[in-house]
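One structure is given below, encoded as structure tokens.
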Amino acid sequence: MDTYRSDFLQAMAARGFIQDLTHPGELDALMATGTPVPAYIGFDATASSLHAGSLVQIMMLRWLQKTGHKPIVLMGGGTTKVGDPTGRDSARKMLSDADIQGNIDGIKQVFQKYLTFGDGPTDAVMVNNADWLDGLNYLAFLRDYGRHFSVNRMLSFDSVKLRLEREQPMSFLEFNYMILQSYDFLELNRRHGVRLQMGGSDQWGNIVNGVELGRRVDEAELFGLTTPLLTKASGEKMGKTADGAVWLNADHLSPYAYWQFWRNTEDADVGRFLKLFTELPMEEIDRLSTLQGAELNEAKKILAHAATALCHGEDAARDAAETARRTFEEGGIGENLPRVQVARAELEGGTLGLLAALVKAGLAASNGEARRQVQGGAVRLNDEKATEPTRMIEAGDITADGVVKLSMGKKRHALLVAE
RNA sequence: GGAGGGGUGCCCGAGUGGUUAAAGGGGGCGGACUGUAAAUCCGUUGGCUUAGCCUACGUUGGUUCGAAUCCAACCCCCUCCA
């Protein structure tokens with residue numbers, strides 16, 4: 001492993017955040033001077049929350065702040081209108097300005113959990129590239145910056161090359177994405193003195209272009225750093241779960257479900273994830289990583305707790321852990337299982353069918369799916385297997401706690417609550 | 001503008017007049033095994049008031065008893081040519 005003098009690069013290298021780095025020596029020297037260095041990561045506003053796939057970048061900004069530097073969060077309000085072609089075979093669907101603004105508002109909430117914003121030298125700042133991209137003058141832009149980009153070279157970057165090799169369409173709009181991202185870097189350097197852009201390894205081409213543009217236009221010495229593409233040990237992409245993406249906003253995915261996601265980490269990933277997604281000291285992580293077999297479950301709980309505490313707060317993490325303990329280790333009813341309000345009359349009157357109840361509880365997407373799962377023996381009503389699709393929910397099904405517990409398989413549970 | 005190829009379910013991809021809600025794979029969900037893991041095996045995977053009905057193979061019309069499959073027009077994509 002490379003050895004660095006700066007706290008930031010040292011921590012990042014030790015924890016497995018670094019895939020590639022432009023000019024490692026010079027960057028290390030810059031980061032070690034004791035003066036806060038502004039560095040940025042861009043996030044496109046394609047959804048109203050970020051998910052676990054962006055967590056590596058978020059954690060890196062956190063470390064940046066922790067080690068005495070200044071994180072700049074760039075919201076891609078402008079670039080989202082163009083759409084990053086990287087790693088895709090087709091263009092993103094067009095989002096309206098209102099959609100984009102709504103997404104930015106949602107994403108802001110995530111960052112407030114992880115970073116300290118403000119006006120101080122190491123306080124985080126959030127900026128929106130729509131501020132400078134929206135008003136660009138096409139001709140002036142082409143003459144000032146377009147001339148620095150070689151189409152020949154652009155065609156050689158993976159984001160473009162792979163698309164063309166697969167004979168998939170790429171519009172001129174998308175083709176411009178890397179130019180705009182490069183320009184962002186330049187603009188951030190001018191406005192905020194940003195020296196470093198970070199991002200996932202798929203962003204390497206976009207980042208390097210920005211570094212070069214800065215040198216050509218302003219003779220600025222800029223740096224780039226990329227993180228490894230994060231996959232599970234079994235090769236799958238990170239950030240997926242039963243209900244889709246692992247969202248970081250509590251209104252998209254409950255803290256309990258978030259905790260569960262980390263609790264179910266594959267054995268082979270535990271050590272790596274502890275380094276990336278928690279701030280436990282390295283000695284502690286090394287100790288946890290030596291655990292074998294079922295003992296590793298303890299390490300997974302620690303991972304789940306630490307990751308959830310960062311995202312949703314200590315209390316939410318504790319609640320989630322407690323709910324999980326009761327649900328799985330005692331087979332009881334945990335406090336934090338998803339609760340669905342149902343009219344008392346409906347619950348007691350025997351008019352609510354089991355299938356409809358499962359859909360209502362969010363455990364099945366449709367009546368048909370609910371039916372199949374019931375017939376397949378996957379469904380439990382108050383922990384009793386329910387195999388009859390025509391079964392109705394009745395007053396007698398309400399437990400002493402005043403709820404009806406529905407389970408889909410072993411891990412997905414929900415409570416119907418009379419209102 | 002010309003010539004050729006193509007647009008199928010969440011994704012990839014077979015299918016060229018009926019037995020096709022559409023092979024196969026991936027992904028998802030569930031079951032078994034386990035440690036709330038992985039791997040493996042099994043089931044399932046459009047909707048509904050489910051022995052039936054409805055919706056679906058780029059769009060719109062047409063031929064036919066019957067079309068994802070044939071015809072016409074249109075839209076979109078790829079390749080080569082101009």
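Below, read A as the first sequence line, B as the second, and so on, with proteins coming before strands; counting in each chain starts at 1.
- At the phosphate of G30(B), neither OP1 nor OP2 sits under 4.0 Å from any side-chain N or O atom of Arg371(A).
- The shortest distance between the side-chain N/O atoms of Arg412(A) and the OP1/OP2 oxygens of G30(B) is below 4.0 Å.
- Of the N and O atoms on the side chains of Gln197(A) and Gln203(A), not one donor lies less than 3.5 Å from an acceptor on the other residue.
- Between Gln260(A) atom CD and U36(B) atom P the separation is 11 Å, expressed in whole Å.
- Distance Glu266(A) CD to A39(B) P: 6 Å, rounded to the nearest Å.
- For the pair Asn297(A) CG and U34(B) P, the computed distance is 15 Å after rounding to whole Å.
- Rounded to whole Å, the separation between the P atoms of A68(B) and G58(B) comes to 10 Å.
- When the side-chain nitrogen and oxygen atoms of Ser366(A) are compared with OP1 and OP2 of C48(B), one or more of them lie within a distance under 4.0 Å.
- A donor and an acceptor atom, one from each side chain of Trp63(A) and Asp7(A), are nowhere located under 3.5 Å apart.
- Between Gly293(A) and Val359(A), the residue anchored closer to the 5' end of RNA chain B is Gly293(A), taking for each the nucleotide with the nearest heavy atom.
- Side-chain polar atoms of Asp105(A) and Gln101(A) form a donor-acceptor pair below 3.5 angstrom.
- The interatomic distance linking Leu296(A) (CG) with A37(B) (P) rounds to 13 Å, in whole Å.
- Relative to the side chain of Gln373(A), the nucleotides U34(B), C77(B), C29(B) differ in distance, and C29(B) lies closest.
- In this structure, Asn367(A) reaches the U49(B) phosphate: one of its side-chain N or O atoms is under 4.0 Å from OP1 or OP2.
- OP1 or OP2 of A37(B) sits under 4.0 Å from a side-chain N or O of Lys411(A).
- Using modelled atom types and a 3.5 Å distance limit, the side chains of Thr116(A) and Asp123(A) yield no donor-acceptor pair.
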